[in-house]
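Here the structure comes first, spelled out in structure tokens, and everything after it is commentary.
Just so it is clear, the values below take in all heavy atoms, side chains as well, and ignore hydrogens, waters and symmetry mates.
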Amino acid sequence: MASFYAMRKKPYLAAILLLLGLLFSPEHTGAQSLGVCYGGQGNANNLPPVSEAVSLCTTNNIGRIRIYSPYTEILQVLRDSNIDLIVGVPNDSLQALANPSAAADWVQRNIKDYSSNVKFKYIAVGNEVNPTSETAQFVLTAMQNIYKAITDAGLQNQIKVSTAVDTNLLGVFDPPSTGAFSDNARLFIEPIISFLVNNGAPLLANIYPYFRVKYNNQPVPYALFTAPEVVVHDGQLEYRNLFDALMDAMYSALEKTNGGSLEIVVSESGWPSAGGAVETIENAGTYYRNLINHVKGGTPKRPAKAIETYLFALFDENLKTEEIERHFGLFYPSKQPKYNVSFS
């Protein structure tokens, strides 16, 4: 009680303490905008138990996780963990969830039953669905059905419904201001953008400068945030790294399709440590360190705001089909860190 009256005598001190509390809350610190992608046991046979994986995240100040399916074992471990979660709807489930009753059942079993003590943040309805695939026609309907089920459960203010796309949707991306979706992609993504705008949800996007180096001959330093000078001049904006260029190309494409109000959450980004000439421990470590530092700010087009980013991935996954896909882990299966990086 004495402290209360002392604080009343010094209201300016209370204001300062409140401001400091806001500035250093998780929502206002760059470190807390970081998460990791965790595939569970599905793509590896040598990983530690889920409980140890989640503890590893907690120990390393990783407060957000993305999983690709509502794995019961992971959801159970995440109860009362205070970790924000993206949970995915696998692409092979989209057609079934285009049925409203199936979507309602999915939400009941995988979301509502855990919602009292698991911090769901986003539901990613599909991951990198090809706009020309048979599956593409079910994405929006599944999103709508899941959103309705979330709303019926009273969780619409807690959980946002989105989908995860990649930069292959861009027909043009250089320079970033010319960014535009390809004709095929536009037919697929425009109704989804309208859904996101109407429901105040972000677009989830997997941003990989690595693949632009591998398949589009972009310079390695430009991708690793180590270019010594500006690489792309775009009007008054200057680009020294490919991550910003890809992000802002996506923002430009959104602006051209009535999605200028949307935020982009980077739902995956990473670099493999083996499997080819540019896939080295040194390059991957450089990429992750620089990315972690960089996303504490914004892009030239959207400056001065931390970019919510999920690093791919928590562990190497030895059952992936392609060699390079086995080496994206931040940690070895032994839980030893692969790189000297700090998440705080």
### Message
Show, in sequence, the C-alpha distance, side-chain angles and deciding distance for Lys121 and Glu308, and conclude whether the salt bridge (charged side-chain N to carboxylate O under 4.0 Å, His left out) test is met.
### Response
CA-CA 12 Å; Lys121 189 169 189 184; Glu308 185 176 345; 3.2 Å; yes
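- Using a 4.5 Å cut-off on side-chain heavy atoms (C-beta onward), Val89 and Leu97 make contact.
- Annotation: side chain of Met247 is in contact with side chain of Ile264 (closest heavy-atom distance under 4.5 Å).
- We find the SG-CD1 distance between Cys37 and Ile86 to be 7.0 Å, quoted to the nearest 0.5 Å.
- Here the CZ atom belonging to Phe331 is positioned 11.5 Å from the CG atom belonging to Asp316, to the nearest 0.5 angstrom.
- Interatomic distance, Leu85 CG to Phe120 CZ, rounded to the nearest 0.5 Å: 6.0 Å.
- Using a 4.5 Å cut-off on side-chain heavy atoms (C-beta onward), Leu56 and Asn60 make contact.
- By the neighbour-count criterion of 12 heavy atoms within 6.0 Å, atom NZ of Lys148 is sparsely surrounded, having that number or fewer from other residues, nucleotides or ligands.
- Residue pairs that meet the salt bridge (Lys or Arg N to Asp or Glu O under 4.0 Å) test with at least one member in residues 200-222, sequence neighbours left out, are Lys214-Glu279.
- Judged by distance alone, with hydrogens and angles left aside, the side-chain atoms of Ser69 form no donor-acceptor pair with the main-chain N or O of Tyr71 at under 3.5 Å.
- Side-chain N/O atoms of Asn318 and Asn45 include a donor and acceptor closer than 3.5 Å.
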### Message
Applying side-chain contact (heavy atoms from CB on, under 4.5 Å) to Ile65 and Ile67, what does each step give before you reach the verdict?
### Response
CA-CA 7 Å; Ile65 291 177; Ile67 61 176; 3.9 Å; yes
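- The pair Asp248-Lys301 does not meet the salt-bridge criterion, since no charged nitrogen lies less than 4.0 angstrom from a carboxylate oxygen.
- The two residues Ala223 and Val213 make their nearest non-hydrogen contact at CB-CG2, 3.4 Å.
- Contacts of Ser116 classified as side-chain hydrogen bond (donor to acceptor under 3.5 Å, both in side chains), with partners at least two apart in sequence or in another chain: none.
- Residues Asn199 and Tyr147 bring a donor and an acceptor atom of their side chains to less than 3.5 Å of each other.
- No path of Ile, Leu, Val, Met, Phe, Trp and Tyr side chains, each step under 4.5 Å between heavy atoms, connects Leu34 with Val265, placing them in separate hydrophobic clusters.
- Residue pairs meeting the salt bridge (Lys or Arg N to Asp or Glu O under 4.0 Å) criterion with at least one member in residues 66-80, sequence neighbours excluded, are Arg66-Glu268.
- Sorted by first and then second residue, the salt bridge (Lys or Arg N to Asp or Glu O under 4.0 Å) pairs with a member in residues 104-115 read Asp105-Arg109; sequence neighbours excluded.
- No more than 12 heavy-atom neighbours from other residues, nucleotides or ligands sit within 6.0 angstrom of CD on Gln95.
- Atom OG1 of Thr286 sits about 12.0 Å away from atom CG of Leu291, to the nearest 0.5 Å.
- How far CD1 of Ile192 is from CZ of Phe188: 3.5 Å, rounded to the nearest 0.5 Å.
- Tyr288 places none of its side-chain heavy atoms less than 4.5 Å from the side chain of Ser269.
- Distance alone, capped at 3.5 Å, places no donor-acceptor pair between the Ser55 side chain and the Glu52 backbone.
- Checked against side-chain hydrogen bond (donor to acceptor under 3.5 Å, both in side chains), Asn168 has no partners two or more places apart in sequence or in another chain.
- Between the side chain of Asn99 and the main chain of Ala102, a donor-acceptor pair closer than 3.5 Å is present.
- Of the possible donor and acceptor atoms, none in the side chain of Asn43 sits under 3.5 Å from a partner among the backbone N and O of Glu317.
- Checked for salt-bridge contact, Glu229 and Arg240 miss the test: no charged N lies under 4.0 Å from a carboxylate O.
- For the 3.5 Å distance criterion, the side chains of Asn206 and Ser267 qualify, holding a donor opposite an acceptor.
- A side-chain N or O of Asn130 and one of Thr132 form a donor-acceptor pair less than 3.5 Å apart.
- Side-chain atoms of Gln218 and Tyr210 include no donor-acceptor pair closer than 3.5 Å.
- Using bins of under 30°, 30° to 60° and over 60° for the plane-to-plane angle, the ring pair Tyr287/Trp271 lands in the tilted bin.
- Two residues are said to be in side-chain contact when any heavy atoms from C-beta on lie closer than 4.5 Å; Tyr122 and Val161 fail this criterion.
- Under the side-chain hydrogen bond (donor to acceptor under 3.5 Å, both in side chains) criterion, Asn82 pairs with Lys119, sequence neighbours left out.
- For the pair Cys57 and Val36, the minimum side-chain heavy-atom distance is below 4.5 Å.
- Proximity of a side-chain donor or acceptor of Thr257 to a complementary backbone N or O of Ala253 within less than 3.5 Å is detected.
- Residue Ser273 holds its OG atom at 4.0 Å from OH of Tyr339, rounded to the nearest 0.5 Å.
- Note on ring orientation: taking the six-membered ring where Trp is involved, the planes of Tyr208 and Phe328 are perpendicular (angle over 60°, cut-offs 30° and 60°).
- Looking only at distances, no side-chain donor or acceptor of Ser81 sits under 3.5 Å from a matching main-chain atom of Val77.
- Contact annotation: the side chain of Phe315 approaches that of Pro48 to within less than 4.5 Å [non-hydrogen atoms, C-beta and beyond].
- Although no hydrogens or angles enter the test, the distance criterion places a donor-acceptor pair under 3.5 Å between the side chain of Ser252 and the main chain of Pro176.
- At a cut-off of 3.5 Å, with distance as the only test, a side-chain donor of Asp244 or Asn241 sits close to an acceptor on the other residue.
- Aromatic ring pairs are classed by plane angle as parallel below 30°, tilted from 30° to 60° and perpendicular above 60°; the pair Tyr68 and Phe312 is perpendicular.
- Residues Arg289 and Val341 are in side-chain contact: their nearest non-hydrogen atoms beyond the backbone lie under 4.5 Å apart.
- A salt bridge does not link Glu190 with Lys256: none of the charged nitrogens is closer than 4.0 Å to a carboxylate oxygen.
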